[in-house]
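When a residue number appears, it is its place in the shown sequence, counting from 1. We count ligands from 1, going down the list as the structure has it; atoms in each ligand are counted the same way.
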Amino acid sequence: MQSSYNTDISVVIPLFNEDESLPELVTWIDRVMKQHKFSYEVILVDDGSTDKSWQVIESLSQKIKEVKGIKFKRNYGKSAALHKGFEVAQGHVVITMDADLQDSPDEIPELYEMITQQGYDLVSGWKKKRHDPISKTIPSKFFNGVTRMVSGIDNLHDFNCGLKAYHHNVIKNIEIYGEMHRYIPVIAKWVGFTKIGEKVVEHRARKFGTTKFGLERFVNGFLDLLSITFVSRFGKRPMHLFGTLGSLMFILGLIGACYLGVSKLYCVYNDIPATRLTQRPSFYLLLTSMILGTQLFLAGFLAEMIARNDKDRNRYIVEKETANTTL
Ligand code: UDP
Ligand code: MG
């Protein structure tokens, strides 16, 4: 295979207590790569496993030179593991897959072809036929629907599929933090990688071990979706949201309060009987509106100060430049 990269494919595998699956997975990947004559590396990121995973990784890397291992000091989470794996990955195409043998390495050659030949930035797997309990598949449908709507990526059915392929440039330019592994296509799109595709992939039942995510995945997933939407829309200009809302509420409150005050004065001067301001419910509503408006404005101002100091504030990706530009 020809490319300007030394390695065709990096396979990044985050894992937490998956010692039983690893040997089978790694030999399977090795077989597929050799069959298709790919140069490759497998980066196994042990996310603080407490079983024998690390011993298994060490012995695998002695047997197969392409196998590289990283072990975290404790369990930081799947996103952290992916982030670390992306940091070291060298390949032209970077493929992520789960360690539990639910994703099939046989999909790799086709994913590679989609990135290198068809020009996709990112290809996400779609577990069309799933081997998961219904308690997982129904909420997942809902999430994918909402994510499609919010992100505008309307051609993906399965954002959270562990099996994905990326062009090298994508993984080097996106920042996955917190629990954002569920929304990598959304992050990639907002950074500017818009050619996002999908491939139906085989989903197998978990052979060993158990799932590492419980029901809390849905609550966390939803909160993450909110924050990612918010951060990507207003993260760089918080004042536009808070400032507008705050000013609007304050002005409304002020106008209303002025009206109440003036009408009261008018009544007093003309000897018309009028209720006390403090006995009118609208007075309290308007007061609250002014206070909330000030608070929102302040929140926006503080957020703006933080955004100014953010080291990432001017991280933009340059795609091309003319020959006489030196960046
Ligand atoms: N995983 C991880 N750190 C964690 C939890 C999970 O690296 O804290 C890995 C896990 O070992 C597996 C992948 O993430 O390789 C997906 O996890 P799992 O199969 O439990 O999720 P599910 O398939 O149930 O969505
Ligand atoms: Mg799994």
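Under 3.5 Å, the side chains of W54 and D19 contain no donor-acceptor pair of N or O atoms. Side-chain contact annotation: S21 with R206, donor-acceptor N/O pair under 3.5 Å absent. A donor-acceptor contact closer than 3.5 angstrom links the side chains of T325 and T322.
Annotation: H167 is in aromatic contact with H92 [ring centroid separation under 6.0 Å]. Aromatic pair F38/Y112: centroids less than 6.0 angstrom apart. For Y166 and F86, the gap between ring centers is short of 6.0 Å.
Near N75, meaning under 4.0 Å from any of its heavy atoms, are these atoms of ligand 1: 3 (N), 4 (C), 8 (O). Contact atoms of ligand 1 toward Q102: 19 (O), 23 (O) (distance under 4.0 Å to a heavy atom of the residue). Listed by number with element, the atoms of ligand 1 under 4.0 Å from a non-hydrogen atom of T211 are 20 (O), 21 (O), 22 (P), 24 (O). Near E18, with a cut-off below 4.0 Å to any heavy atom, the atoms of ligand 1 are 10 (C), 11 (O), 12 (C), 15 (O). Distances below 4.0 Å separate heavy atoms of R206 from the following atoms of ligand 1: 18 (P), 19 (O), 20 (O). Interface atoms of ligand 1 facing K136, defined by a heavy-atom separation under 4.0 Å, are 22 (P), 24 (O), 25 (O).
When distances to the Mg ion (ligand 2) are checked against a cut-off of 2.8 Å, D98 contributes no N, O or S atom below that limit. The Mg ion (ligand 2) has an N, O or S atom of Q102 under 2.8 Å away, backbone or side chain.
Residue contact check for ligand 1: G77 places a non-hydrogen atom closer than 4.0 Å to it.
Ligand 1 has an N or O atom lying under 3.5 Å from an N or O atom of L15, backbone or side chain. Taking distance alone, with nitrogen or oxygen atoms compared against 3.5 Å, P14 approaches ligand 1 more closely than that limit.
Nearest protein heavy-atom neighbour of atom 19 (O) of ligand 1: D100 OD2, 2.5 Å. When only non-hydrogen protein atoms are considered, atom 14 (O) of ligand 1 lies nearest to K78 CD, 3.4 Å. The shortest contact between atom 4 (C) of ligand 1 and any protein heavy atom is with D47 OD2, 3.3 Å. Nearest protein heavy-atom contact of atom 1 (N) of ligand 1 is F16 CB, 3.9 Å. What sits closest to atom 17 (O) of ligand 1 on the protein, heavy atoms only, is F213 CE1, 3.6 Å.
By the rule that hydrophobic residues join a cluster once side-chain heavy atoms approach within less than 4.5 Å of another member, Y259 and F283 end up as members of one cluster.
Ring geometry, Y5 versus H168: the interplanar angle falls from 30° to 60°, so the pair is classed tilted.
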Go through the steps to decide whether V56 and E20 satisfy the test side-chain contact (heavy atoms from CB on, under 4.5 Å), and finish with yes or no. CA-CA 9 Å; V56 174; E20 293 164 302; over 6 Å; no
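In this structure, of R130, R217, K212, the residue bringing a heavy atom nearest to atom 25 (O) of ligand 1 is R217.
Between L25 and D100 there is no side-chain heavy-atom pair separated by less than 4.5 Å.
Between V88 and E41, the shortest heavy-atom distance links the atoms O-OE2, 4.2 Å.
Counting just the N/O/S atoms of D100, the one with the shortest distance to the Mg ion (ligand 2) is named OD2.
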